[in-house]
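A quick write-up on the structure given underneath.
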Amino acid sequence: MASGPGAATLKKCLDVLRDARNDSEQLAALLLVTKAVRAGELDTKTRRQIFDAIGFTFPNRLLSSRQAPPGCPEHTFRALGLTLLACFCTDPELAGHSQILNKIPTFSDVLVSPCNPDCTSMVDDAYQCLTAVLATPRGPRELVTKGAVSALCQAYVNGGYGSDRALTLLLGLLAVAEVKCWQKDAPHLLAVLSKLSEEFVQAEDVTKFELCELLPCFIPLSPPLAEVSQGSECFHQLYRGLTNILGSKLSQSQRDPALKLAASLVQACGSEWIPAGSTGSKFLALLVNLACVEVRLTLEEPDPLEVEGKKEVVTACYVLIEMGIQECLKEEESPLDEAQRMQLMRIMEEAFGAVVFYLRQVKEEELQDPFVFASVRILGAWMAEETSSLKQEICELLPFLIHYTKKLFKEGGPAENLPQTAGLVSSDGSILGQDALRFLLPGFCHLTAEDRPRDILISEGAPALLCDYFVHQWEVLTSQSQSPSPLTSTEMSLQTLCGIFLNLVVTAPDLIRQEKTFSSLMDTLLKSLPFLLPQRDHLVLAANIATLGLMMARILSNSAVLQKTGSAKEFFKAAIHFLSQAHTAQADPGSHGLALAISPAYVSAWDDIRELWFLGMQALASCVPLFPWLPQAVLQAQWLEGLSELLTRVTAASVDFELVAAFQGVLVELVRTSEPCREVILSHHGEEWANLYGMAALEQCLSRQ
């Protein structure tokens with residue numbers, strides 16, 4: 001109970017509330033109670049006593065009443081009801097009660113209604129209730145679904161009494177439910193972003209830097225704001241404001257928020273917010289330059305405590321540097337000229353030297369630090385594109401990278417609540433936790449093609465890790481919806497892994513033969529291709545798996561996994577289908593005949609799978625003598641009949657030499673190994689079209705007695 005001269009009176013009021021015989025007596029007592037509430041004289045116990053005395057029924061009646069006591073303002077009853085609910089909301093248990101959550105539209109209505117000077121206490125109470133609701137487990141979801149976001153946005157944009165509290169509440173809501181807020185109330189949130197952007201451009205004092213800290217919270221990763229006219233105008237304003245800041249001489253405390261704001265814009269829409277032309281290209285180059293300088297100044301600092309305090313801004317700089325990499329690699333529509341690209345590549349190389357230096361100092365107990373994750377991720381982006389730079393330094397770092405990725409993959413990753421500016425947000429907005437390995441895969445694909453880094457990766461146990469990772473990613477892919485969808489990061493990782501394994505198959509076949517883990521991988525490949533091939537939206541991955549499986553089967557033909565003829569036969573059946581269906585005959589515009597062409601189902605992916613198809617044909621030819629049942633599988637697929645018909649129908653000029661060689665390689669092995677295959681080809685005029693296409697080796701095999 002509150003102490004002081006009002007305590008006895010308050011106790012008496014509570015007794016009256018319990019024993020009141022009519023509304024007039026209860027109202028009189030309530031007026032004294034609410035006066036004490038507003039004066040802040042009540043402790044937690046007393047507030048609970050008030051609730052126990054009156055419950056929710058009486059405040060509900062006050063809120064719904066449209067009649068005021070004689071001589072009182074018309075909103076008197078409503079104000080009393082709000083004050084009591086604000087009092088109840090100081091109890092977290094009551095703040096999450098359905099009776100309070102159901103009043104969210106009422107609280108919101110108060111915020112957007114015209115506010116007279118005598119209504120300010122109602123506004124204060126409404127904000128107090130909404131703030132309390134936000135802090136409850138169900139609160140954020142209820143606030144979004146019951147319309148509080150739009151009310152808070154309107155309250156802020158209108159700039160009336162308490163609008164600063166509306167902004168604070170919006171920040172709290174966006175921190176825990178950003179995606180849901182934007183899905184439901186994008187136009188209203190956009191209006192807030194628009195107002196903040198205008199203030200940002202106009203501010204000439206410390207407010208400009210305060211807004212730098214605030215604005216990233218209102219820049220969503222989705223929806224794409226650049227596609228909305230109001231969003232484009234916001235980006236233009238933010239660009240102008242950042243140009244003013246970053247083009248001036250700044251202190252550290254002023255530059256850091258500006259870099260973080262720029263990084264949030266890059267995450268939202270890449271470089272689209274930077275205008276075209278020389279002015280935009282200079283600004284883009286300046287941004288990347290400043291980011292590289294910041295990375296070097298921080299990561300080359302020998303004092304770990306200095307680095308600790310700068311991790312957030314350096315992570316933002318990583319986002320800007322990654323944009324720099326992408327812009328430098330653009331062949332078309334890049335705002336940068338050749339001189340700017342060369343300069344930025346040189347500056348970025350120095351920054352990545354600092355990243356490598358930092359990672360070499362990381363201790364075992366720091367491996368779960370999200371900043372280490374961000375540093376590995378950005379290094380992976382550099383390794384994927386710039387294969388010749390810092391090769392010596394990266395080779396020396398490879399043991400750490402394998403140890404780090406192995407630890408995260410086996411034990412789980414860094415904390416999920418990484419800052420948005422960590423550059424770790426996927427396309428669907430979720431935080432990518434333990435999957436550091438996927439960012440390094442493209443770089444590893446380049447490195448496994450070279451002797452020294454490949455030897456290091458093998459000696460550090462990378463092949464076993466990558467095989468385990470392939471199996472894991474395959475399980476992730478098959479657990480996802482099978483409906484046609486855009487290329488996922490999981491599918492990209494699997495394709496890149498196939499590229500790495502193909503490098504190892506070609507350059508280190510003994511490793512494939514000796515490492516038991518590759519038998520497990522082979523088993524996964526045998527099962528995955530028949531599952532994958534019927535799904536046309538996964539054709540590129542199917543091509544990778546088919547080719548890798550055929551290449552590995554040549555090496556592992558004697559292994560137990562390939563002696564299980566059930567799964568092996570299903571795999572080869574699927575591989576034959578993939579290879580045999582790639583070409584068709586179509587009308588030749590240049591003549592009245594037919595020309596050989598890529599099958600319609602393969603056309604869109606052909607640029608990505610062409611080399612894999614040719615490699616797969618070579619591998620299949622090598623497998624024919626190794627698996628006695630393989631010619632029979634070819635016969636069952638009726639490939640020989642189909643190919644004979646195709647080569648007979650099309651003009652010879654439409655079949656290039658490389659394709660002729662690929663067909664001949666497989667056909668020769670089939671004829672040498674299988675008399676039934678030879679007979680089928682002969683019965684379909686094989687000698688004639690072999691002669692027509694210059695397949696001398698096939699002719700020789702067919703003509704033997």
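Classification of the Phe578-Tyr602 ring pair by plane angle, with boundaries at 30° and 60°, yields parallel.
Ion pair Glu364/Lys407 flagged as a salt bridge, since at least one NZ, NE, NH1 or NH2 atom sits closer than 4.0 Å to an Asp/Glu carboxylate oxygen. Between Asp523 and Lys527 there is a salt bridge, since a side-chain N of the basic residue sits under 4.0 Å from a carboxylate O of the acidic one.
Every salt bridge (Lys or Arg N to Asp or Glu O under 4.0 Å) that Arg610 has, sequence neighbours left out, goes to Glu658. Listed by chain and number, the residues in a side chain to side chain donor-acceptor pair (under 3.5 Å) with Ser528 amount to none (sequence neighbours excluded). Contacts of Arg240 classified as salt bridge (Lys or Arg N to Asp or Glu O under 4.0 Å), with partners at least two apart in sequence or in another chain: none. For Tyr469, the ring-ring contact (aromatic ring centres under 6.0 Å, His included) partners two or more places apart in sequence, or in a different chain, are Phe409. By the side chain to side chain donor-acceptor pair (under 3.5 Å) test, Gln254 is found to be paired with Ser251, residues two or more places apart in sequence or in another chain being considered. With sequence neighbours excluded, no residue forms a ring-ring contact (aromatic ring centres under 6.0 Å, His included) with Phe209.
For the pair Glu178 (side chain) and Phe218 (backbone), a donor-acceptor distance under 3.5 Å is absent. Looking only at distances, a side-chain donor or acceptor of Glu366 sits under 3.5 Å from a matching main-chain atom of Lys363. Looking only at distances, a side-chain donor or acceptor of Ser622 sits under 3.5 Å from a matching main-chain atom of Gln618. For the pair Glu272 (side chain) and Ala268 (backbone), a donor-acceptor distance under 3.5 Å is absent. A donor-acceptor distance shorter than 3.5 angstrom exists from the side chain of His446 to the backbone of Ala384, with no hydrogens or angles considered.
Atom CZ of Phe200 and atom CD of Glu210 lie 12.0 Å apart (nearest 0.5 Å). With values rounded to the nearest 0.5 angstrom, Glu515 atom CD is found 8.5 Å from Ile458 atom CD1. The distance from the CE atom of Met323 to the CG atom of Leu265 is 10.0 Å, given to the nearest 0.5 Å. Distance check, rounded to the nearest 0.5 Å: CD of Glu396 to CG of Leu401 gives 12.0 Å. Atom SG in Cys269 sits 8.5 Å away from atom CD1 in Ile274 (nearest 0.5 Å). Remark: His403 NE2 to Leu465 CG distance equals 12.0 Å, nearest 0.5 Å.
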Can you give each donor-acceptor pair under 3.5 Å made by side-chain atoms of residues 546-556, sequence neighbours left out, with the distance rounded to 0.1 Å?
from, atom 1, to, atom 2, distance (Å)
Thr547, OG1, Ala543, O, 2.9
Thr547, OG1, Leu612, O, 3.0

Can you give the donor-acceptor pairs under 3.5 Å from side chains of residues 341-357 to other protein atoms, not counting sequence neighbours?
from, atom 1, to, atom 2, distance (Å)
Arg341, NH1, Cys328, O, 3.4
Arg341, NH1, Lys330, O, 2.9
Arg341, NH2, Lys330, O, 3.0
Glu349, OE2, Ser389, OG, 3.4
Glu350, OE1, Arg296, NH1, 3.0

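For residues 500-511, the set of pairs meeting the salt bridge (charged side-chain N to carboxylate O under 4.0 Å, His left out) definition, not counting sequence neighbours, comprises Asp510-Arg513. Residue pairs meeting the side-chain hydrogen bond (donor to acceptor under 3.5 Å, both in side chains) criterion with at least one member in residues 497-508, sequence neighbours excluded: Thr448-Asn503, Arg454-Thr507. Residues in residues 255-302 take part in these ring pair (Phe, Tyr, Trp, His ring centres under 6.0 Å) pairs, two or more places apart or across chains: Tyr239-Phe283, Trp273-Phe283. For the salt bridge (charged side-chain N to carboxylate O under 4.0 Å, His left out) condition, the pairs that include at least one residue of residues 455-477, sequence neighbours left out, are Lys410-Asp468.
Note: Tyr358 and Phe371 meet the aromatic proximity criterion, with ring centroids under 6.0 Å apart.
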- Message: Glu386 vs Ser388, test: side chain to side chain donor-acceptor pair (under 3.5 Å). Steps then yes/no.
- Response: CA-CA 6 Å; Glu386 190 50 47; Ser388 60; 3.3 Å; yes

- Apply side-chain contact (heavy atoms from CB on, under 4.5 Å) to Glu491 and Gln473, showing your working. CA-CA 8 Å; Glu491 194 163 352; Gln473 291 292 83; over 6 Å; no

- For Ile219 and Leu238, run side-chain contact (heavy atoms from CB on, under 4.5 Å): C-alpha distance rounded to whole Å, both residues' side-chain angles, the deciding distance at 0.1 Å, then the answer. CA-CA 11 Å; Ile219 298 171; Leu238 295 172; 4.0 Å; yes

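Leu215 has its side chain out of reach of Ser264: every pair of non-hydrogen atoms, C-beta onward, lies at least 4.5 Å apart. Between Leu397 and Glu393 there is no side-chain heavy-atom pair separated by less than 4.5 Å. Ile456 places none of its side-chain heavy atoms less than 4.5 Å from the side chain of Ile402. Annotation: side chain of Leu284 is not in contact with side chain of Leu286 (no heavy-atom distance under 4.5 Å). Between Gln340 and Ser281, some side-chain heavy-atom pair lies under the 4.5 Å cut-off. Using a 4.5 Å heavy-atom cutoff, the side chains of Tyr404 and Leu359 are not in contact. At least one side-chain heavy atom of Asp256 sits under 4.5 Å from a side-chain heavy atom of Glu294. Side-chain contact check for Thr315 versus Ile378: every heavy-atom pair is 4.5 Å or farther apart.
Among all heavy-atom pairs drawn from Trp613 and Ala662, the shortest one is CZ3-CB, 4.1 Å.
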